[in-house]
Number of protein chains: 2
Amino acid sequence: MESDVSANSRLTIAAHTLTWIGLYQRRGHEVATSEQIATSVNTNPVVIRRLLGELRKAGLADSRRGAGAGWMLARDLAAITLLDVYQAIEPGPIFALHRATPDPECVVGHGIGPAMTAVYDDVEAALCRELAKTTLEDVLRDVLKAA
Amino acid sequence: MESDVSANSRLTIAAHTLTWIGLYQRRGHEVATSEQIATSVNTNPVVIRRLLGELRKAGLADSRRGAGAGWMLARDLAAITLLDVYQAIEPGPIFALHRATPDPECVVGHGIGPAMTAVYDDVEAALCRELAKTTLEDVLRDVLKAA
DNA sequence: AGGGTTGTAACAGCTACAGTTACGACTAAG
DNA sequence: CTTAGTCGTAACTGTAGCTGTTACAACCCT
C-alpha cells in the first residue's frame, strides 16, 4: 500500500511556488525565475513553468519574458486563498460517477447517479469552504513561524 | 482536459453495490452474486468481487462460498455511512506533499510541509464529516424516489 | 548582437484503476 | 461422491495522469 504516490501533490507545489515568489518579492526582488523556485521545490524548472502557466491563466501569477525575465504575483499573498489555487490547477471533481452507464432497467442503476451526485456536490462544497479559509499569507506566516 | 476520467469512481461503484445488495435482500433473497451486481453496475464481476473483498475486510459485507453462494450485507443499510464505505476502499489522502523533499536550506522549503499538512488535515476532516452525514439507507431512499 | 529566461512540444517512466481471462478452492445439491 | 455454481485471486492489458527530462524557438533587456 505504501504512501499513495498517485495523490495530487500539485496543490502543495503550487502553494509552495506562490509563497516562495511572495517572500522573494517582499525581500526586494522584482521577479523570480523558474530555476530558483525549482531549486527550493526540488524539481525540474519545466514543472514549475507548467504550473505557473496555469496559475497565470487563473489570474494569480504573471511573467515577464526576455533577459532579466521571471515570475511575479498578480495579487498579494493575502488576496489568494488555497481555494483559488485549487481551482486554478485541479480541473476535475474528486469523485466520479460510473465510467460505463449502469443498467437503466435496474432501479438502483437508474437512480444511483443523481443520488450520488447530490452527495458529491455537498462534499465538494465543504472542501471548497475549507480551502477558502486559508490564504497564502496564512501559509507564509506558518512557514516563518516554523523556522 | 475534458472530464477527468482518472477521478475515483470506486466510491460510486461501492455504494451502488451495497445498495443493490440491500434492496435485493429486502425483496427476500439471501445472497446476491457478483454477476448480478455486475450487470446492474455494467462492469465485470471480478471488479465487483475485488471491491466487495475490501468491503468485507472493513466489516461492511460478507460472503458465502460454494454452490448457491454470494454476498450479503454485514450491517443494515441504515448502519452504513458513505464515510464507512470511503474509508474501506480509499487508502490514501486526497492531497499529498512533495515527492522529493524540498530544499531544507530554504525557509519555505523547510516550513511548507507542516503548514500544508495542517490544512490538509482540516480538509480531510471536513470531507469525512460530510460523507458521514449520508447513510446507504438515505441513498436507497433517494434512488427509489427517482424511480 | 548576446545572453538569459520563458513557452511549449515531445518523450519516457511510474502509478493507479478498469477490464478481462483463467483457474483453483469451496460447498450445496443431487 | 460427483457435479455445478460461485468465490478468491493471480496475471496481464489498456488507458490515463503526473513527473521529470531534453530540446528549441520566441522573446527582450543590456
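Quick caveat: nothing in here was measured; it's all calculated off a predicted structure. Each chain gets a letter, A, B and so on, in the order its sequence line appears, and its residues count up from 1.
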### Query
Considering only heavy atoms, which members of residues 53-66 of chain B lie under 4.0 Å from some atom of DNA chain D?
B/R56, B/S63, B/R64, B/R65, B/G66
### Message
Which nucleotide wins on minimum distance to the side chain of B/V46, given the candidates C/dG19, D/dT22, C/dT21?
### Response
C/dT21
### Query
Is B/N42 close to A/H98 at the side-chain level, that is, under 4.5 Å between some pair of heavy atoms?
no
### Query
Between B/T33 and D/dT6, does any side-chain N or O lie under 4.0 Å from OP1 or OP2?
no
### Task
Classify the ring geometry between B/F95 and A/Y86 as parallel (under 30°), tilted (30 to 60°) or perpendicular (over 60°).
perpendicular
#### Entry: Separation of atom CZ in B/R99 from atom C1' in C/dC14, rounded to whole Å
7 Å
### Task
Flag the pair A/D138 / A/L77 as yes when at least one side-chain heavy-atom distance between them is below 4.5 Å, and no otherwise.
no
### Query
When the distance from CG of A/N44 to P of C/dG13 is rounded to whole Å, what number comes out?
16 Å
### 5'-most by nearest nucleotide on DNA chain C - A/A67 or A/E35
A/A67
### Whole angstrom value for the distance that separates C1' of C/dC17 from CG of B/L51
11 Å
### Query
D/dG5 C1' sits how many Å from B/R49 CZ, rounded?
11 Å
#### Entry: Rounded interatomic separation in angstrom, taking CD1 from B/I37 and P from D/dG8
12 Å
### Task
Send over the distance from A/I13 CD1 to D/dG17 P, rounded to a whole Å.
20 Å
### Message
Between B/R75 and B/D84, does any side-chain N to carboxylate O distance fall below 4.0 Å?
### Response
yes
### Task
Could you tell me the separation between the CG atom of A/N8 and the C1' atom of C/dC14, rounded to a whole number of Å?
15 Å
### Task
Establish, with yes or no, whether the OP1 or OP2 oxygen of D/dT6 is under 4.0 angstrom from a side-chain nitrogen or oxygen of B/S34.
no
### Query
A/R99 and B/S9: side-chain donor and acceptor closer than 3.5 Å?
no
### Query
For B/L11 and C/dA18, what is the distance between atoms CG and P respectively, to the nearest whole Å?
12 Å
### Query
Is any side-chain nitrogen or oxygen of A/S9 closer than 4.0 Å to OP1 or OP2 of D/dT19?
yes
#### Entry: Side-chain heavy atoms of B/I13 within contact of B/H16, under 4.5 Å
no
#### Entry: Base C/dG19 paired with B/R50 side chain (donor-acceptor, <3.5 Å)
yes
#### Entry: Residue pair B/V139, B/T135: steps toward the side chain to side chain contact (heavy atoms under 4.5 Å, CB included) verdict
CA-CA 7 Å; B/V139 173; B/T135 69; over 6 Å; no
